[in-house]
Amino acid sequence: MSIVITDIGELVTNTGHGRDRLGIVRDAAVVVEDGRIAWIGASVRAPDADERIDAGGAAVLPGFVDSHAHLVFAGDRAAEFGARMAGEPYTGGGIRTTVGATRAAGDDELRRATGRLVAEMRRQGTTTVEIKSGYGLDVEHEARSLRIAAEFTEETTFLGAHVVPAEYSDDPWKYVSLVSGPMLNAARPYAKWIDVFVERGAFDEDQARTVLAAGKDAGLGLRLHGNQLGPGPGVRLAVEMGAASVDHCTHLDDGDVDALASTTIACMCGDGGWSSTVATLLPGAEFSTRSPYPDARRLLDAGVTVALATDCNPGSSYTSSMSFCIALAVREMRMTPAEAVWAATAGGARALRRDDVGHLSVGARADLMILDAPSHLHLAYRPGVPLIRTVLHDGVPQ
């Protein structure tokens, strides 16, 4: 089956260079066939197809690529959020509350909860989502979380090293051995990536290196949570080990920025290249914890590739809206609207090392959205307004 979308006022392809990375095409049309982009050109020259969608002059963008989300969990932590808004600091300790609820939940309950969030994301334009484990923290429940996550996405991440569970609080290295041995073996059939929370109250540099090295030996790609609650070794460890992404990046010194910039790969396309270790920023977490926002401008000016993601989780960022994160990035992190849109689409694809999503060009996966607005600018210009009119995933209207 083929679909032609005509009368596109602004088509964001993400195939441009330099300051015009969005590669905007005006008065455009797109043909989708067998789940892929088959043709792009002027609307007046659009070929026939089995089905026609008239965009009515609206903007069309690649689907959002949310490269950091924690969706397999039970319960919520609304009371914790209320306490933070009343002045209590965020420490990450509430993760253990979710671990207890998740361990107690049945498979069907977790499957329904995960599916609800994935559907919620899809309605808001997210067509690719990474899903982490991390709320099981034992062999059985980490493997179960990843098995359920794999029902919804191919981008699954083993996060057994989220925090040290209470039963190992007196011997964290014993837990590291569990994560990098039996737990990794059980998780491996369902995981594409491995992640670790490198932070005070979680895992130190040596513990994180041990977990990541075991994951790499098992054939998993590497990701890190780093430099969220304060300065630390996370960013430089990510660069040292060749991680695809280091996420949060809230508290960086010049050495951290230089390390990320040093991974930039020269690009013959003329856009200055891109970083092999992407800095994934999660402004929903700063919003929900009343913490300082990352300085995206500093990273961008240094030539670092930046992605945006929701960090959707029940404790520190219970949002599934990439549009909301774009608005926060523009208002609070000194990104331009174009930079934020690119980071939420192509940037997320880079963080997942994917070349089939995050852009619209012939041969790319037909993941796209039609806005109820004439321009990508409206995603930041009209925060909180539901502007996603139609979503296509694998070429199928959702």
Under the side chain to side chain donor-acceptor pair (under 3.5 Å) test, residues paired with Arg111 that sit two or more places apart: Asp108, Glu151
When clusters are formed by joining ILVMFWY residues with side-chain heavy atoms under 4.5 Å apart, either directly or through shared neighbours, do [X] and [Y] land in the same one?
{"X": "Trp193", "Y": "Val357", "value": "yes"}
{"X": "Ile37", "Y": "Val396", "value": "no"}
{"X": "Ile3", "Y": "Leu61", "value": "no"}
{"X": "Val235", "Y": "Leu308", "value": "yes"}
{"X": "Trp39", "Y": "Ile24", "value": "no"}

Ring geometry between Phe287 and Phe324 (parallel below 30°, tilted from 30 to 60°, perpendicular above 60°): perpendicular
Output yes when a side-chain donor or acceptor of [X] lies under 3.5 Å from a complementary backbone atom of [Y], and no otherwise.
{"X": "Gln124", "Y": "Glu120", "value": "yes"}
{"X": "Asp372", "Y": "Arg389", "value": "no"}
{"X": "Arg103", "Y": "Leu137", "value": "yes"}
{"X": "Ser375", "Y": "Leu377", "value": "yes"}
{"X": "Asp195", "Y": "His225", "value": "yes"}
{"X": "Thr13", "Y": "Thr15", "value": "yes"}
{"X": "Asp394", "Y": "Gly35", "value": "no"}
{"X": "Ser316", "Y": "Ala285", "value": "no"}
{"X": "Asp311", "Y": "Leu282", "value": "no"}
{"X": "Ser133", "Y": "Leu159", "value": "yes"}

Please examine the side chains of [Y] and [X], heavy atoms only from C-beta on, and report whether any two atoms are closer than 4.5 Å.
{"X": "Asp253", "Y": "Arg236", "result": "yes"}
{"X": "Glu240", "Y": "Arg209", "result": "yes"}
{"X": "Trp342", "Y": "Asn14", "result": "yes"}
{"X": "Lys216", "Y": "Leu222", "result": "yes"}
{"X": "Ile53", "Y": "Ile370", "result": "yes"}
{"X": "Val118", "Y": "Arg123", "result": "no"}
{"X": "Val4", "Y": "Val30", "result": "no"}
{"X": "Leu224", "Y": "Val196", "result": "yes"}

For Glu155, the option from Lys132, Arg223, Lys192 that meets salt bridge (Lys or Arg N to Asp or Glu O under 4.0 Å): Lys192
Are side-chain N/O atoms of [X] and [Y] paired as donor and acceptor at under 3.5 Å?
{"X": "Glu130", "Y": "Thr157", "result": "yes"}
{"X": "Ser291", "Y": "Thr289", "result": "yes"}
{"X": "Asn227", "Y": "Thr250", "result": "no"}
{"X": "Arg77", "Y": "Thr98", "result": "yes"}
{"X": "Ser288", "Y": "Arg84", "result": "yes"}

How long is the gap from [atom1] on [X] to [atom2] on [Y], to the nearest 0.5 Å?
{"X": "Ile326", "Y": "Leu328", "atom1": "CD1", "atom2": "CG", "result": "10.5 Å"}
{"X": "Ile95", "Y": "Asn313", "atom1": "CD1", "atom2": "CG", "result": "7.5 Å"}
{"X": "Ile131", "Y": "Ile148", "atom1": "CD1", "atom2": "CD1", "result": "10.5 Å"}
{"X": "Ser323", "Y": "Leu387", "atom1": "OG", "atom2": "CG", "result": "7.0 Å"}
{"X": "Thr280", "Y": "Arg350", "atom1": "OG1", "atom2": "CZ", "result": "12.5 Å"}
{"X": "Phe64", "Y": "Ser320", "atom1": "CZ", "atom2": "OG", "result": "11.5 Å"}

Below 4.0 angstrom, N of the basic side chain to O of the carboxylate: do [X] and [Y] qualify?
{"X": "Asp295", "Y": "Arg297", "answer": "no"}
{"X": "Glu88", "Y": "Arg290", "answer": "no"}
{"X": "Arg365", "Y": "Asp367", "answer": "yes"}
{"X": "Arg147", "Y": "Asp107", "answer": "yes"}
{"X": "Arg144", "Y": "Glu140", "answer": "no"}

For a quick test of reading the model, state the closest non-hydrogen atom pair linking [X] to [Y] and the distance between them.
{"X": "Gly75", "Y": "Pro314", "value": "O-CB, 4.4 Å"}
{"X": "Pro233", "Y": "Val198", "value": "CG-CG1, 3.9 Å"}
{"X": "Tyr135", "Y": "Glu142", "value": "N-OE2, 3.5 Å"}
{"X": "Val330", "Y": "Ala340", "value": "CG2-CB, 3.8 Å"}
{"X": "Pro292", "Y": "His251", "value": "CG-CE1, 4.4 Å"}
{"X": "Ala69", "Y": "Met121", "value": "CB-CE, 4.1 Å"}

Test log, rule side-chain contact (heavy atoms from CB on, under 4.5 Å), inputs His248 and Glu199: CA-CA 11 Å; His248 287 292; Glu199 194 64 70; over 6 Å; no
Phe158 and Tyr190 aromatic centres sub-6.0 Å: no
side-chain contact (heavy atoms from CB on, under 4.5 Å) between Glu332 and Glu286, intermediate numbers included: CA-CA 10 Å; Glu332 302 291 347; Glu286 279 72 42; over 6 Å; no
Neighbour count above 12 (heavy atom, 6.0 Å) for Arg382 CZ: no
Evaluation steps, side-chain hydrogen bond (donor to acceptor under 3.5 Å, both in side chains), between Asp27 and Ser43: CA-CA 6 Å; Asp27 302 318; Ser43 188; over 6 Å; no
Residues in ring-ring contact (aromatic ring centres under 6.0 Å, His included) contact with Tyr318, at least two apart in sequence or another chain: Phe73
Met369 and Thr390: CA distance, side-chain angles, deciding distance, side-chain contact (heavy atoms from CB on, under 4.5 Å) verdict: CA-CA 6 Å; Met369 55 183 146; Thr390 303; over 6 Å; no
side-chain contact (heavy atoms from CB on, under 4.5 Å) between Leu371 and His378, intermediate numbers included: CA-CA 9 Å; Leu371 300 188; His378 285 239; 5.5 Å; no
